[in-house]
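Per chain, numbering begins at 1; letters A, B, ... match sequence-line order. It should be emphasised that the depicted structure is a prediction, and the values quoted were computed from it without experimental measurement.
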Amino acid sequence: MLVPELQSLAQLFALLSGFSYYIGFAPPDILRRAWQEPELRAFLGRAAALPRLPTTEAILQEIADGAASALGVSHATIGLWDADAQLLRGPLDPTLPAYPLTADIPAMQVLRTQQASFTPAFADPTTKKTYALIAAPITAGEQRLGVLVAYTTSAPIFATEDVALLSLLADQAAVILESRALIDEAARVQAREHVTRLKDDFLSAAAHDLKTPLTTLVGRTQLIERRIMRSPTTPIDLASIQTLVREAQRLKRLVQELLDAGRAEQGQLVGERHPINLAALAETVRSRHSSARHPCTLEAEEVVMATVDEHRIEQLVENLVENAVKYSPDGGAITIRLWHTEEQIHLTVADHGIGIPASDRAHIFGRFHRGRNVDDRRFAGMGLGLYLCHAIVEQHSGQITLTDTVPQGATFHIALPYRPEGAVHEALNLSH
Amino acid sequence: MKPSILVIDDDPAIVDLVRDILEFEGYQVAVATNGCEGITILDQVHPVLVLLDMRMPVLDGWGFARVLKERGTRVPIVVMTAAQDAKQWAQEIRADGYVAKPFEFDELLHAVNAIKFPGMA
């Protein structure tokens with residue numbers, strides 16, 4: 001009964017001994033190739049995802065690592081050909097010099113000839129070491145992208161097939177880099193389209209808002225003209241003139257806001273900075289807006305020095321307090337608080353008005369965005385106010401955030417970097 | 001005496017302007033600052049024409065037109081808006097005319113005078 005099983009066991013032993021015999025005499029490069037195959041498979045498996053890595057450096061590093069492990073050597077690197085400067089650069093190793101096309105190194109020979117090559121002993125003048133290396137051109141169509149180099153300091157273990165394998169990997173690298181370039185280009189086109197759309201929105205919203213005061217200015221002046229033509233002795237009524245003045249000023253404010261938005265977009269909203277006392281600035285704004293309907297209080301330390309663009313920071317606080325008044329149509333207290341820690345200056349403006357719905361919060365600082373609970377005309381405005389506030393704070397390296405006021409209303413919180421006394425004095429000295 | 005016209009716009013400066021121009025031309029004018037208020041005043045004054053802004057709080061121009069249609073109230077409407085698509089919006093609510101802001105004195109009058117008021121020669 002046991003005989004057939006013993007037989008098969010004997011067959012198995014025979015097979016295993018044959019296999020070990022083969023392993024003992026097999027050429028080492030074939031063996032190595034068999035051992036490296038999983039690495040090669042792993043690299044090819046990852047290759048499709050590589051163009052989407054966050055940076056070109058990360059992509060190059062993955063390709064180099066993949067090539068090194070597929071060839072079973074310690075190192076691989078990539079030189080990228082900068083066609084404008086006519087230099088080969090090594091972005092993976094910042095210590096490497098940039099080589100001109102004439103440089104006498106294997107990578108440049110490969111780039112010149114567009115032929116992969118094996119150099120058994122290359123004496124590197126910079127590291128004073130001798131390397132065995134193979135290099136293959138990374139080329140997409142006619143376009144030279146760079147060179148893939150695999151190298152090792154140990155005895156030359158490369159086989160002829162390795163040159164062909166590295167060439168294949170270099171071709172793969174070319175495909176990956178080309179895809180990356182296409183992805184980048186698509187992103188650039190998309191970004192341009194997005195900017196164009198924003199500009200269109202900007203223009204149509206601006207045109208809409210400018211038309212309203214303009215309608216009054218055009219229509220009312222023509223009405224005054226007709227009245228005088230009909231009965232030249234009738235005096236011009238004061239109310240009409242007051243309307244004209246008010247609407248002209250409204251137009252002026254809108255135009256100024258538009259110009260500021262343009263500056264903000266270019267990051268040029270904030271101008272020269274000088275040390276000022278923010279507490280005094282906040283008090284000026286507070287007194288300007290405080291009324292019986294909207295009592296405005298300031299809770300602040302006596303002196304909070306900051307090196308800022310005074311005009312813009314005043315505009316910022318003014319905008320927030322104006323908003324607080326505007327969006328508290330039934331009246332209500334407004335509180336400005338100002339304090340500082342070792343690192344930051346904090347300023348909050350809190351109201352008890354209509355508040356800001358949760359769904360609007362993500363966009364509230366975007367250009368032209370207005371809250372969903374904001375009646376378009378009941379609360380006039382172009383939706384630029386908070387966009388400008390955000391730009392002013394950001395250009396002062398600060399943050400602006402929004403929280404609820406309990407039980408209702410909105411609180412805007414600004415945090416600016418606090419410059420200790422020394423820095424303030426320095427700034428004072430510099431400005432004099 | 002010329003008939004009465006209802007002006008609905010949420011911008012007080014525009015409402016004042018349109019009222020002053022129409023009164024200067026001898027019309028009677030009633031005003032409202034949103035569609036909802038407009039419906040109430042419409043029932044009181046029975047205007048021969050409504051000058052209607054489209055973007056308004058509470059009840060906008062579309063809402064106003066829908067309420068009139070649902071009630072079967074027939075009154076000519078001239079849309080008055082600062083939006084770029086004034087003509088399209090006027091068509092959407094089957095208005096009898098439109099005037100785009102900023103309008104000239106005469107443009108407003110032309111738009112109003114183009115309407116054939118019932119009972120007028």
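- For B:N34, no part lies under 4.5 angstrom from a heavy atom of chain A.
- Few gaps surround CD on A:E185; more than 12 heavy atoms of other groups in view lie less than 6.0 Å from it.
- Under the 4.0 Å criterion applied to side-chain N and carboxylate O atoms, B:D106 and A:R226 are assigned as salt-bridge partners.
- Annotation: maximal heavy-atom pairing with chain B below 4.5 Å, among A:R246, A:E247, A:E225, A:R220, occurs at A:R220.
- The distance from the CZ atom of B:R94 to the CG atom of B:L68 is 14.5 Å, given to the nearest 0.5 Å.
- Only the side chain of A:R230 has a heavy atom closer than 4.5 Å to any heavy atom of chain B.
- Within a 6.0 Å radius of CZ in B:F105, more than 12 heavy atoms belonging to other residues, nucleotides or ligands are found.
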